Amino acid sequence: MDSKSSIVLEIGGRYTKCGYSPESSPRFIIPTDLLPLNISSYLSGGASFDNFKKEITSNNETIITTNQIPTQLPTQSQLKESLFIFFKTIFLNYLLCKSDERKIIIVENIFLPRLFRECMVSVLFEQYKVPLIVFINPTASLIPTLRTTALLIDSGFSETRVLPIYEGIGILKAYKSVSLGSETLINQLKQYLQSTIINGIIINNETNQSITDSTICNQLLNDIIIMNNNSTQLLEDIITRCCFCSFKNNNNNNNNNNNNNNNNNNNNNEIQINNINYRISKEYSIVIDGKIRKGLIDILYNDVNNNNKEEEEEEEETGNIAKTILNTLLKCEYDQRKPLSHNILLLGGTTMLTGFKKRLVLELHKQLNKDNSIYKKELYGLIGHFQFINHPFENNYLSWLGGSILATALEHVHSKITLESYLNAPSQFKRSQLIPEWEKLTNINNYTQIAQATMGTTTNPLQFNSTSSLFSPFTSSSDLSNYLNK
Amino acid sequence: MYSKRIENSFQFNKDQINNNIIKYSCNCGKSYHVSELYYCSGCLKTNCKFCITEEIDCFYCPNCLENVSSVEASLNGNRCKKCFDCPICFNILTYSASTNVSTGNETFFLNCAFCKWNSINSGEKEFRFDSHSIKNSKESTESQLQFNKVLEVVNKESIELTSLKDKKTLTRIKIAQAMKQFLGQQSKHQKYNQRKNFLKPDENQRWIQSSTPQPLPDNQLIPKSLSTTTTQSSASSLLLTNQMIKKSIQSQPITTQDIDDMQQKRIDSRVFKKVVNGDNNSSSDDNGYDDHDDHCEQYDDDIDLEEINEIKDSDEISNLMQRYHQVSNQCKELKGLIPQHRQLLTRRSKRCKRCDRLLVKPDINPGKIDFKRSHFAYTYIPRVTISKIQWIDQDLFQVFLTFTNPLHSYIFMSFPMEIKGSMVSLDDNSQLVDLYTNETFISGLLDEIDDNEKEVIIDQLKTLEEQNKRYFTNGGSGVNYRNGNKLTLGFIGKVGVEDALFSNNNNNTDEVTHLIIHLPDQLSLNNINDNDVDPPKFKSKFTSIKFTVVVEFSLKSTTTTNNTSGTNTSSSELGSSGTISESNSSQKTLLKILFDVPSDKFSNTEL
């Protein structure tokens, strides 16, 4: 091991995890602050920019809300400036180290925009003289759990990504993402607070009396939620502290008596969820309704019960995490489906909401039980087979942890660039070509291209090759030997 | 290069309204408030935050102000050994002692003076803050233990992988091992065992061993004898070779029936059996799944609704900041929050990116606040303020700029008529049309002239001043446009930028731009100083008037005694003959000052 431990970075849409390599948790989780740019969705998704103007129709009035994201892509120089400042704070204010003597391991999502990666590499090499940059893809998050097969469900700020990994190889054709994440929840909560300004939603802290004057209510909510620059942070905090995933029962298709009893019990439970006070300032608190506390998460599993065609189309737009997951499983080979559903690995901060796992399984079952759906036809056998990988780590830094472990075996990671090779490259174009990437593989049409892409390396580019031996078939967790003997 | 206005970034200059009016351009084209710039005395240019490199000089704790060596800092994870942060409000915790009256024993605990948190009755367990027990508790957490194991495995694998340098052998061994797994079932691979030990059987992980379709069909082609081979036999012998297949076919011919069987088995194996909790009670019921299972299944993030209902105030749940303060154990309850050591801060020296000269060097001693070297721009370059700005006609304005010399000695400055680069900035909507074209001077804080040559030059400049009285005015009736180390000059500007200024210069830094001066004829320049009681009001075209002034300054005068005749010529001639070629430009500092004056700051804007 080197005397100077390397830096591991995971730049997320909202929070960046940073720390040193052989440590069991990141040193800091800090907001991804690329001011003056606000490109969190661009960062995590590389999502197209058409979606950013959302039209919300309410009371026959069309309100166009522009989601803070710029309608234009950032230019390279803008990005570089923002990144320069951002890395400066990471190096000098948080990690307190000299940038030119630390290797950097970057854990990134597969579809990180090329522009961003190029800018990042250019800033790190040209400005900070980092000796080595290693790119690590999200399959690394399996390493801390010592598995080779898993269905990664990464639910972050602006989107949820589902990537199946079978025996250490990412199945890219089944990769699916849906723009649902904590940002969706935040927007939903914002809408709720804006639309339902009911008397009594705000209470005075001292007297514990609700404020009945609706103008004051309006004023306060406006000041705090809509006008405030930190409104996202505030709403996020409300969600983390007050909301949880309720287990709603799917009572629409089974007529089982027991089932009904259960439902009744459950309903009784559900009614009992109390309102909670959230202190927004010294004087005032917001009352968060019990319904919202439990129902906010529903938007992630937006499901239209009516067989209305229009609404179904709408549903396609808004998405549903459970459907995305099932679509992914549909794309996988038949024999891979069961191992994958037995090994679900949740990543990202949104999955840390209380009760997320249970709700997810319920929703998956609900989809599978739907009559006439493709899921029932193809995947019905998976019911009861959804199982999460248990691990003692927290979901939101698991992929960081993968990078942290891999940093000890850097000689086997192939996707890396050294400062020398970067600076010696004759042109800017050649330099950017040095950056290893996943996206190249998605466009490969013929085998010559594959051969070219992997030339010089004996490894499968989709395999996380660093530990190819560790996770090669012969040591896989799903050992077949037990059953062959029978 | 066009300059661009950049928002103020520091808290102290961010919020005040007037702080965005005047910006100084850095050499890289971005312009900042003067307090955000550095001045490199090596290359005589300004440096912005993008044009400096920083390096850490020393670490210190912001609370106890103790200097920490870099080795010690990295040993403790960049945290202070002694000081703790409050887990609730992040204030500094103080050590307190309480004496048990009956026994007389003294117990020490941590106490937050702000939110009254203390380490005794905070959690279920008393928080022990001696370094030994903190280290122990950190190392004994479940996540740390698993992490260590994983690290061990990965290291072992990595070493093994390194030792097998030959890629061909590596591939061969891999294939052989893979075959062995399929064929020689009894021969558990050593590595499998090793990993099995790490992953203790967990009743929650029901399918850890059974994730593949089962039972897998028998393949008649697989030599039965192989399954009994010992682990010691070389891996290659286990491979399905042609001879092996031939041998087995000869001894045991495969019929079509066998093949059909095989296929049927393969299909059967894909039908997943219904799952009931506790794999032992396998039920024959084929109804598939019913809802009960859901409620029996337990997940580690299960919630108890009643527990949730007991919490009436969200302040009883930790917020994200508190959770991220202890990343490894992001506890949802306030009880689980524990104090963390205080994060260290650094003192950093800053260097110029162009010439690597030190710009800022702080004192190593954290208790001292002065700098060993501080080349901040505001102590080196003339500071500009607008003393007055007013309309004198429609779209014509007069601006009175007060230059302050922060240095001890005289500085000489001029307003160049042509420079390399551009005279205007990106979003300028106005430009100055009437500038003083000669050199002028500002006396330093110490109002002394130390050598004769300078005295001569200053006398010359003073006589020139007399000839161009209209520039030297402070806008009022008084004549004291010089006041100590201040100098007030009046210029005339025009709304609207000559197109030529933008189009000629395609961002090419090497091109020389000329300032184009087109003074409106109707203006009688000598009588601008109208002392009317009620000056006429004018409407402004723009909500804010933006223009750029280019200033050159140096400590030595460029007006030498020889060239007096040249400077006496009319201003237009001097503009074209150029001051650049004659002057020793390396001595000069070129400053672009960008103005962005809201129209309501004009003294006579009609609103």
Side-chain angles (χ1 to χ4, degrees), chain A residues 22 24-26 29 84 92 96 98 144 146 237 240-242 244 254 256 259 262 269 272-274 276-279 334-335 338-339 342 354-358 362 381 383-385 387 390 392-394 405 408-409 411-412 458 467 469-470 472-475 478-486, chain B residues 50 54 56 78 142-144 146-147 150-151 154-155 157-158 160-162 167 174 177-178 181 185 189 191-192 195 198-199 204-207 209 211-216 270 272 275 288-291 293-294 299 301-303 305 309 312-315 317 319-320 324 327-328 330 344 346 348:
Chain A
S24 63
S25 67
I29 297 182
F84 179 80
L92 296 175
L96 311 184
K98 281 178 187 159
L146 281 179
D237 200 40
T240 40
R241 285 162 93 168
C242 307
F244 55 89
N254 281 351
N256 199 320
N259 200 15
N262 260 334
N269 274 343
Q272 282 168 12
I273 289 169
N274 287 339
I276 197 166
N277 294 350
Y278 182 85
R279 195 162 46 83
Y334 202 104
D335 288 338
K338 199 163 117 183
H342 286 174
T354 353
F356 190 90
K357 285 180 180 174
K358 190 158 194 173
L362 275 175
I383 278 186
H385 276 273
Q387 176 78 37
N390 286 342
F393 311 106
E394 303 278 358
I405 293 170
T408 58
E411 60 264 41
H412 303 303
T458 52
T467 42
S469 149
L470 173 63
S472 63
F474 66 93
T475 49
S478 50
D479 198 316
L480 308 171
S481 46
N482 288 350
Y483 305 102
L484 283 170
N485 282 341
K486 281 176 188 167
Chain B
F50 293 103
E54 290 186 48
I56 293 171
N78 290 338
E142 201 189 338
S143 55
Q144 185 64 43
Q146 165 137 11
F147 180 81
V150 175
L151 213 58
V154 172
N155 276 335
E157 287 292 336
S158 136
E160 209 165 285
L161 210 60
T162 328
K167 272 175 193 160
K174 259 193 194 175
Q177 298 282 19
Q181 192 197 359
Q185 297 87 23
H189 190 260
K191 223 155 287 142
Y192 167 71
R195 285 179 59 210
F198 288 135
L199 295 169
N204 282 333
Q205 307 277 304
R206 278 175 281 166
W207 292 291
Q209 304 289 343
S211 292
T212 34
Q214 43 133 324
L216 270 186
R270 288 179 164 182
F272 297 131
V275 173
Y289 141 94
D290 59 337
D291 273 8
D293 286 352
D294 291 344
Y299 294 97
D301 61 349
D302 248 359
I303 40 172
L305 287 177
N309 272 341
K312 286 275 160 38
D313 199 304
S314 59
D315 284 347
I317 308 163
N319 66 19
L320 273 184
Y324 289 162
V327 174
S328 56
Q330 297 165 29
L344 295 179
T346 55
R348 306 187 287 268

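Letters go in sequence order (proteins before strands), and every chain restarts at 1. Since the model is a prediction, treat every value here as computed from it, not as a measurement.
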**Request:** Taking side chain to side chain donor-acceptor pair (under 3.5 Å) as the test, write out the residues that go with Q144(B), two or more places apart.
**Result:**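 For Q144(B), the residues satisfying side chain to side chain donor-acceptor pair (under 3.5 Å) (neighbours in sequence not counted) are S24(A), N148(B).
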**Item:** Evaluation steps, side-chain contact (heavy atoms from CB on, under 4.5 Å), between N319(B) and T240(A)
**Value:** CA-CA 7 Å; N319(B) 66 19; T240(A) 40; 5.8 Å; no
**Request:** Hey, could you give me the CG/CZ distance between L92(A) and R348(B), rounded to the nearest 0.5 Å?
**Result:**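 These two atoms lie 5.0 Å from each other.
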**Rounded distance (nearest 0.5 Å) linking atom OG1 of T408(A) with atom CG of L151(B)** =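 Going from OG1 on T408(A) over to CG on L151(B), the span is 5.0 Å.
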**Request:** If the plane angle is over 60° it's perpendicular, under 30° parallel, otherwise tilted; pick one for F84(A) and F50(B).
**Result:**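 Judged by the thresholds at 30° and 60°, the geometry between F84(A) and F50(B) is tilted.
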**Among E394(A), R279(A), K98(A), R241(A), residue most engaged with chain B (heavy-atom pairs, under 4.5 Å)** =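 Most heavy-atom pairs within the cutoff with chain B belong to R241(A).
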**Prompt:** Pick from C242(A), P392(A), P26(A), S25(A): which one has the most heavy-atom pairs with chain B under 4.5 Å?
**Reply:**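 Result: the option with the highest number of such pairs is P392(A).
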**Message:** I need the minimum non-hydrogen distance between L96(A) and N78(B), along with the two atoms involved.
**Reply:**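 Shortest heavy-atom separation between L96(A) and N78(B) comes out as CB-ND2, 3.5 Å.
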